[in-house]
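Below you'll find the structure, written out as C-alpha cells, and then a few comments.
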Amino acid sequence: MALTDATKPTDAALLTDLYELTMAQGLWENGKIDERACFTVFYRDNPFGSGFSVMCGTAEIPELVESIRFTSEDIAYLAGLTAPLGGPLFNPAFLEYLRGFRMRVDIDAIPEGELAFAREPLVRVVGPTFDCLLLETALLNTVGFQTLVATKTARVVEAAKGRPVAEFGLRRAQGPDGGLSVARASYVAGASSTSNVLAGRRWGIPVSGTHAHSWVMSFDSELEAFRAYAKSMPRNCTLLVDTYDVREGVENAITVAKEMEARGERLSGIRIDSGDLAKLSAYARARFDEEGLPYIKVVVSNDLDEYTIQSLLNQGAPVDSFGVGTKLVTCYDQPALGGVYKMCARLEADGESWTPVMKLSEQPYKRTIPGIQGVRRYLDASGAPVCDMIYDEAHLEGEGESRGTALVAVTDPALVTEVSGLAYREMLEPCVRDGRAVAEREDLEVARARCADALSKLDPAYKRFLYPQSYIVGLERGLANLRDRLVRERMAEVSSALPWKRGR
C-alpha cells in the first residue's frame, strides 16, 4: 500500500469495504472467531490480451498486514455508524474486541517481478476467516493495481526494444497514491525512470524530466527560452521543440547546441510531444547529424503505448527514448486487473484436516479451484518456463502413480500435459507468518532484476501483442479429479432440492 507521509499506517484497518466488517461481526457473534480457512488471490484472464502478467506489490504485503490496527478514532467512527433501519450498525462489544486486534495470518506469494498467469494463485492467505476477511479489500487493491501497471509497463518496454522508457504520468494518475504505485510498479517492470520526485525519494527510483511548453511561452522567443534553459541546466538540458513548430524548434536547438559546445557543454537531447513523430524524429536526426551533432538524443512522447511505439520503430523512426504517461499510468485499455479473493479450504474442528471448498456458480467460467493451492513452474533445459501446475498441498502425494506427473488445463479438460522429468520450482514463497514479516523488505532493484530475467527467458510467442500463444496453466490430475467430483456432488444436491424434484 503506497501510503503517503501524511497517512497514518493504522488507516489500513479501515481501508476495507463495509461488508468485510459486517461479516466479521457475524463471525464474532457466532463463535467462529478462530475458525481457520485458506483464501487465494487470482485473476481469470491475462490483462491487455497479453500472454502473461508481471507480479507486483508483494513486498508491500507485510507492511499492510502489520499496519491493520484499530485505533480509538477508528472505534469511535464505527460506533457512530447507523443501520439503515435505525440503531447502531455495530455491537459495542464487538468494537471493543477490535481495539486489541492484530492479524494472525500466514501469507505466501509470488515474488515481485516474477511472471504470473491466469487462474493460478498470486497470493495464498491462511488464518482465521475473521482475519482473512478484514485483509481482503486492501490486499486486492495493493496487488491488483500494481500487477496491472507492471504488466502494461513490461509490454511498453518490450516494444521499445532496449530504448529507455521514462514514466511521467503523475499528473494523469488516479490520485497521489495511484501515482506512487505506478512509479514503483513501472520501475520493477523495466521503466528507466519516473518524473515523480516523491517516488524517487521513497524508493531510489531515478528521476528525469525536461521542461514544459509554458517555459518556452514565458519568453519573447523560443530561442531565448532555449538559451535560458541551457544556462540554468547545462548538465541536464533536453529541449522541448514543439511549442510552435518542430522544424523551427530543431533549428533553434542546433543554435543552442553549438553555443553550448563553445562553452564546453553539451545539449543532451530534444523532446517532440506532438505531430507525426516518425517523420519529425527523422527530420531532427538528419539535421543533427548534418550539423555534426550526432550525440543529441531524440526523445518522443504524446499518448504513447506499446502499439504506437512498435509502429514508430517499425517505420524506422530514429528515436532514442520514450516518455510514456497517460496510457501507462491509467492502464488506458484495461483499467482493472479483475483480481478476486476466494475461500478454497476450511480447517475442520480437529485442527488437522482441511476440507476443500469451491464456488460453483451458474457460469462455469467463474468456478473456483478448491484446496490449499501451491504452484509449480516447470522449466525446459534452458530454464525457460513451459507450464504451471496448480496442486493441492494437503492431498498431493501418495494417491496413485498419476499424481503429480500430469496437469489438466484449467479451462480445457481435454488438454493434458505430461511433466514427469521436467525440472520445476515452487512459485509461492513465505511472506508473512502469524501476522509478521518473515524477512527484511526486499530492495526494489532485486525485483527489477528478477523481472528482467523472467521476461528474457519467456518465449517470444507469449510476448506478442496480438494473439499471443496461450501459456498452459493446469491442475494436477488429482486436483482436477477433486474439482470435478465437487462440482458433480454439488450439482446433484442442488438438483435434488428443486421443487419439481421433490414431487411438488
Side-chain angles (χ1 to χ4, degrees), residues 1-3 7 9 11-24 37-48 53-68 103 105-112 114 116-152 173-175 177-182 184-185 188-189 329-331 334-345 357-359 361 365-369 373 375 390 427-429 431-432 435:
M1 183 172 60
L3 299 171
T7 304
D11 286 344
L14 297 188
L15 187 67
T16 187
D17 294 304
L18 181 63
Y19 80 164
E20 308 288 13
L21 288 164
T22 58
M23 287 191 293
C38 177
F39 289 73
T40 58
V41 173
F42 64 96
Y43 63 87
R44 294 186 174 95
D45 296 293
N46 291 320
F48 313 112
S53 68
V54 174
M55 181 68 181
C56 201
T58 307
E60 299 198 307
I61 293 175
E63 179 184 358
L64 170 64
V65 171
E66 292 176 352
S67 296
I68 295 179
M103 281 280 161
V105 295
D106 296 341
I107 300 179
D108 298 85
I110 296 177
E112 284 192 312
E114 281 286 4
F117 301 93
R119 303 284 175 154
E120 66 189 18
L122 310 180
V123 183
R124 184 181 67 202
V125 182
V126 178
T129 306
F130 182 96
D131 302 41
C132 294
L133 292 179
L134 292 181
L135 181 61
E136 175 178 0
T137 302
L139 180 59
L140 282 171
N141 180 275
T142 298
V143 172
F145 182 59
Q146 291 198 46
T147 297
L148 186 72
V149 171
T151 307
K152 184 66 171 179
Q174 287 93 339
D177 277 3
L180 286 169
S181 295
V182 164
R184 185 183 186 281
V188 167
V329 303
T330 63
C331 296
Q334 184 178 327
L337 179 68
V340 292
Y341 181 86
K342 297 297 182 184
M343 182 188 291
C344 50
V357 297
M358 65 177 292
K359 174 186 175 183
S361 180
Y365 170 77
K366 284 196 168 186
R367 287 175 187 164
T368 60
I369 299 170
Q373 296 164 40
V375 183
I390 305 169
M427 297 306 297
L428 297 179
E429 296 186 359
C431 181
V432 171

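Atom set for the values below is all heavy atoms of this structure, side chains included, hydrogens, waters and symmetry mates excluded. Source: prediction; values computed, not measured.
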Please lay out, stage by stage, how V123 and M55 fare under the test side-chain contact (heavy atoms from CB on, under 4.5 Å).
CA-CA 10 Å; V123 183; M55 181 68 181; 3.9 Å; yes

Is it the case that more than 12 heavy atoms not belonging to K366 sit under 6.0 Å from its NZ atom?
no

Return the OH to OG1 distance between Y19 and T137, rounded to the nearest 0.5 Å.
6.0 Å

Inter-residue atom distance L122.CG - L337.CG, 0.5 Å rounding:
7.5 Å

Using only heavy-atom distances, determine whether the side chains of R124 and Q373 contain a donor-acceptor pair under 3.5 Å.
no

Side-chain heavy-atom pair V54, T147 within 4.5 angstrom cut-off
no

Which heavy atom of T142 sits nearest a heavy atom of G57, and at what distance?
CG2-O, 4.0 Å

With a 4.5 Å cut-off on side-chain heavy atoms, are M343 and T129 touching?
yes

Taking the side chain as every heavy atom from C-beta outward, state whether I369 and M358 have any atom pair closer than 4.5 Å.
no

Begin with the C-alpha distance, continue with both residues' side-chain angles, and end with the deciding distance and a verdict on side-chain contact (heavy atoms from CB on, under 4.5 Å) for L140 and V41.
CA-CA 7 Å; L140 282 171; V41 173; 3.8 Å; yes

Evaluate the side-chain proximity of P335 to T330: yes if any heavy-atom separation is below 4.5 Å, no if none is.
no

If you apply the rule side-chain contact (heavy atoms from CB on, under 4.5 Å), what do you find for F39 with L135, and how did you get there?
CA-CA 11 Å; F39 289 73; L135 181 61; over 6 Å; no

Is the shortest side-chain heavy-atom distance between P111 and T58 below 4.5 Å?
no

Are V149 and V329 close enough that some pair of their side-chain heavy atoms sits under 4.5 Å apart?
no

Heavy-atom check, side chain of S53 versus side chain of F48, under 4.5 Å:
no

Working to the nearest 0.5 angstrom, can you tell me the gap between C132 SG and D106 CG?
9.5 Å

R44 and A118: which non-hydrogen atoms are nearest, and at how many Å?
O-CB, 3.4 Å

If you define the side chain from C-beta out and look only at heavy atoms, does anything of E60 sit under 4.5 Å from R184?
yes

For residues P121 and L428, report the shortest heavy-atom separation together with the two atoms involved.
O-CD2, 3.6 Å

When you look at L148 and K152, which way does the side-chain contact (heavy atoms from CB on, under 4.5 Å) test go after all the steps?
CA-CA 6 Å; L148 186 72; K152 184 66 171 179; over 6 Å; no

